[in-house]
Colleague: 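This is the structure, below, for whatever I ask next.
In each ligand, atom 1 is the first atom listed, and ligand 1 is the first ligand listed. If you're wondering where the values come from, they're calculated on a predicted model, not measured in any experiment.
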Amino acid sequence: MTDHVRVYEVGPRDGLQNEAGFIPTARKIALIDLLSRAGFEKIEATSFVSPKWVPQLSDAAEVMAQIARAEGTDYAVLTPNQRGFEAAKAAGADEVAIFGSASEAFSQKNINCSIAESLERFAPVAVAAKEAGIRLRGYVSCVVECPYSGMVDPQAVRDTAFAMREMGCYEISLGDTIGRARPEATLRMLEAVVEYVPAQALAGHFHDTSGRALDNVAVALDMGLRSFDSAVGGLGRCPYAPGAKGNLSTTSLIAFLEQRGFYTGIDITLLAQAEALVASLAPGSQAKVAP
Ligand code: HMG
Ligand code: MG
């Protein structure tokens with residue numbers, strides 16, 4: 001039997017959070033609806049964060065209210081604190097993600113607190129998610145390198161990932177936030193993390209600044225990971241990670257996985273339509289894609 005790999009689509013969140021202009025809500029919904037039809041098991045739709053920090057996703061509640069939900073798809077959102085969690089729950093999110101870091105400097109820039117403080121903020125979110133029956137995912141950013149403080153100790157990644165696992169995250173996504181990780185460094189980091197968290201509970205989240213994202217996926221596959229984040233059209237940067245380019249493109253990831261004999265279950269014709277929609281969002285684009 002072909003081994004299944006989960007492709008976790010993060011474009012509507014990680015992609016659109018750093019667009020120069022505000023993407024109209026109707027376009028975001030059209031994109032998510034196309035992705036739903038393409039058969040993703042997980043779509044990260046938006047974030048319930050401060051609109052002062054990320055104005056691009058200030059329409060999170062409207063997006064969640066108006067998407068056409070597909071059976072078999074979980075709609076996930078980022079929740080940095082309890083306030084975000086309450087809003088996500090009210091919006092009917094199937095899954096919420098807490099997002100921390102292995103770098104103190106990045107933690108301060110991204111969520112305005114230390115790593116230890118962030119874990120204190122996440123703990124009540126984890127409890128509330130469990131009580132509400134909402135799945136909890138965790139992110140660790142800067143798993144290899146931080147844009148502010150340089151190389152990151154693999155043990156710091158391991159410790160944050162372990163803390164999230166202990167809080168009840170079913171999966172922890174390991175973020176190469178600035179997309180510069182070399183596969184050898186990714187391997188060293190994964191070897192440290194799997195000492196505490198099993199590979200089946202880890203996902204790879206590789207931005208593709210240096211063009212090595214697929215090499216990092218290959219290393220992670222060899223380590224036993226079977227879940228990877230990617231963004232339609234290669235969208236995505238982090239607003240608090242200068243220099244970060246797009247996420248690994250979903251189409252490239254699927255092609256790579258299929259070449260290696262893995263099965264993803266995604267309809268690539270519908271995915272191509274979603275990519276065309278993304279292209280039409282580019283400033284100055286003449287592309288006409290409904291609506
Ligand atoms: P803060 O300023 O320290 O917190 O921000 P605060 O509690 O003092 O709140 C400040 C203001 O935000 C207040 O409003 C709050 O009410 C409001 P004011 O009184 O000034 O009018 N507020 C909120 N509003 C809506 N929803 C909320 C919420 N919480 C507070 N949930 C905070 C702390 C975490 C809120 C802020 O720093 C923030 O929102 N940061 C978001 C950063 C972010 O979204 N970054 C991008 C996602 S992470 C990423 O991309 C990496 C990833 O892809 C993996 C990888 O690549 O590595 C996941
Ligand atoms: Mg990211």
Side-chain angles (χ1 to χ4, degrees), residues 8-19 44-61 64 76-91 93 95-103 105-115 117-122 124-125 128 137-148 152 156-157 160-161 164 169 171-181 186 189 202-209 213 216 228-231 234-250:
Y8 197 120
E9 174 57 52
V10 297
R13 191 281 302 173
D14 203 349
L16 303 186
Q17 72 182 8
N18 203 35
E19 284 298 300
E44 201 165 67
T46 184
S47 293
F48 285 92
V49 297
S50 163
K52 287 185 186 149
W53 286 65
V54 185
Q56 294 88 337
L57 301 183
S58 58
D59 56 357
M64 289 298 283
V77 300
L78 295 195
T79 52
N81 52 22
Q82 203 139 12
R83 176 163 170 192
F85 174 77
E86 290 305 330
K89 185 172 129 187
E95 178 165 321
V96 295
I98 50 178
F99 51 106
S101 176
S103 150
F106 185 79
S107 183
Q108 291 289 352
K109 294 275 187 193
N110 194 40
I111 50 174
N112 206 22
C113 62
S114 68
I115 296 171
E117 285 164 345
S118 75
L119 296 173
E120 279 170 30
R121 280 185 199 172
F122 299 151
V125 174
R137 196 176 195 234
Y139 276 104
V140 183
S141 282
C142 301
V143 295
V144 171
E145 192 177 342
C146 169
Y148 305 104
V152 169
V157 184
T160 304
M164 288 181 165
C169 291
E171 180 170 271
I172 293 110
S173 177
L174 301 170
D176 175 19
T177 314
I178 55 171
R180 295 195 198 282
T186 299
M189 178 275 296
L202 295 171
H205 178 108
F206 300 109
H207 288 253
D208 204 16
T209 315
N216 287 314
F228 294 95
D229 302 352
S230 61
L235 279 167
R237 293 169 287 167
C238 174
Y240 298 101
K245 290 228 176 85
N247 280 84
L248 171 57
S249 133
T250 302

Colleague: So Ile98 and Cys169, do their side chains get closer than 4.5 Å, heavy atoms only?
Modeller: yes
Colleague: I'd like to check whether Gly84 has a polar contact with ligand 1, where a contact means an N/O of the residue lying under 3.5 Å from an N/O of the ligand.
Modeller: yes
Colleague: Does any N/O atom on Asp176 come nearer than 3.5 Å to any N/O atom on ligand 1?
Modeller: no
Colleague: If the cut-off is 4.0 Å to any non-hydrogen atom of Pro51, which atoms of ligand 1 fall inside it?
Modeller: 24 (N), 25 (C)
Colleague: Just wondering, is there an N, O or S atom on Asp229 that's nearer than 2.8 Å to the Mg ion (ligand 2)?
Modeller: no
Colleague: With a 3.5 Å distance limit and no angle check, can you tell me whether Thr46 reaches the backbone of Val77 through a side-chain donor-acceptor pair?
Modeller: no
Colleague: Applying a strict 4.0 Å limit to heavy atoms, is Ser173 in contact with ligand 1?
Modeller: no
Colleague: Can you tell me which portion of Ser141 lies within the under-4.0 Å heavy-atom range of ligand 1? Options are side chain, backbone, both, or neither.
Modeller: both
Colleague: Under 4.0 Å from any heavy atom of Leu78, which atoms of ligand 1 are there?
Modeller: 47 (C)
Colleague: Are any side-chain N or O atoms of Thr177 and backbone N or O atoms of Cys142, one a donor and one an acceptor, separated by less than 3.5 Å?
Modeller: yes
Colleague: Would you indicate which of Val49, Asn247, Val10 comes nearest to atom 26 (N) of ligand 1 when only heavy atoms are counted?
Modeller: Val49
Colleague: Using heavy atoms and a threshold below 4.0 Å, how should the contact between Thr79 and ligand 1 be classified: side chain, backbone, both, or neither?
Modeller: neither
Colleague: For Glu117, enumerate each residue passing the side chain to side chain donor-acceptor pair (under 3.5 Å) test, keeping only those at least two apart in sequence or located in another chain.
Modeller: Ser114
Colleague: Evaluate Phe99 for polar contact with ligand 1, using N/O atom pairs at a separation under 3.5 Å.
Modeller: no
Colleague: Phe48 heavy atoms, cut-off 4.0 Å: which ligand 1 atoms fall inside?
Modeller: 26 (N), 27 (C), 31 (N)
Colleague: Under 4.0 Å from a heavy atom of His207: give me the atoms of ligand 1 that qualify, with their elements.
Modeller: 56 (O)
Colleague: Tell me the angle that NE2 of His205 and OD2 of Asp14 form around the Mg ion (ligand 2), rounded to 10°.
Modeller: 80°
Colleague: Report yes or no: does Asp176 contribute a side-chain atom to a donor-acceptor pair with the main-chain N or O of Ala181 at less than 3.5 Å?
Modeller: yes
Colleague: Could you tell me whether a side-chain N or O of Ser173 sits under 3.5 Å from a main-chain N or O of Gly204, the two making a donor and an acceptor?
Modeller: no
Colleague: State which residues pass side chain to side chain donor-acceptor pair (under 3.5 Å) with Asp59; sequence neighbours excluded, sorted by chain then number.
Modeller: Thr25, Lys28
Colleague: Looking at every heavy atom in both Pro124 and Gln82, which two are closest together, and how far apart are they?
Modeller: CB-OE1, 3.3 Å
Colleague: Geometry only, no angles: is Tyr139 polar-contacting ligand 1 at N/O separations under 3.5 Å?
Modeller: no
Colleague: Is there a side-chain contact (heavy atoms from CB on, under 4.5 Å) between Tyr139 and Val10 once you walk through the steps?
Modeller: CA-CA 12 Å; Tyr139 276 104; Val10 297; 3.6 Å; yes
Colleague: What part of Arg13, side chain, backbone, both or neither, has a heavy atom within less than 4.0 angstrom of ligand 1?
Modeller: side chain
Colleague: May I ask you to list the atoms of ligand 1 that are less than 4.0 angstrom from any heavy atom of Val54?
Modeller: 43 (C), 44 (O)
Colleague: Taking all heavy atoms of Ile172 and all of Ala161, pick out the closest pair and write down the distance.
Modeller: CD1-O, 3.6 Å
Colleague: Within the 4.0 Å heavy-atom shell around Asn112, which atoms of ligand 1 are there?
Modeller: 1 (P), 2 (O), 3 (O)
Colleague: Would you call Arg13-Asp229 a salt bridge at under 4.0 Å N-O?
Modeller: no
Colleague: Out of Arg121, Arg83, Gln17, His205, indicate the one that has the non-hydrogen atom closest to atom 22 (N) of ligand 1.
Modeller: Arg83
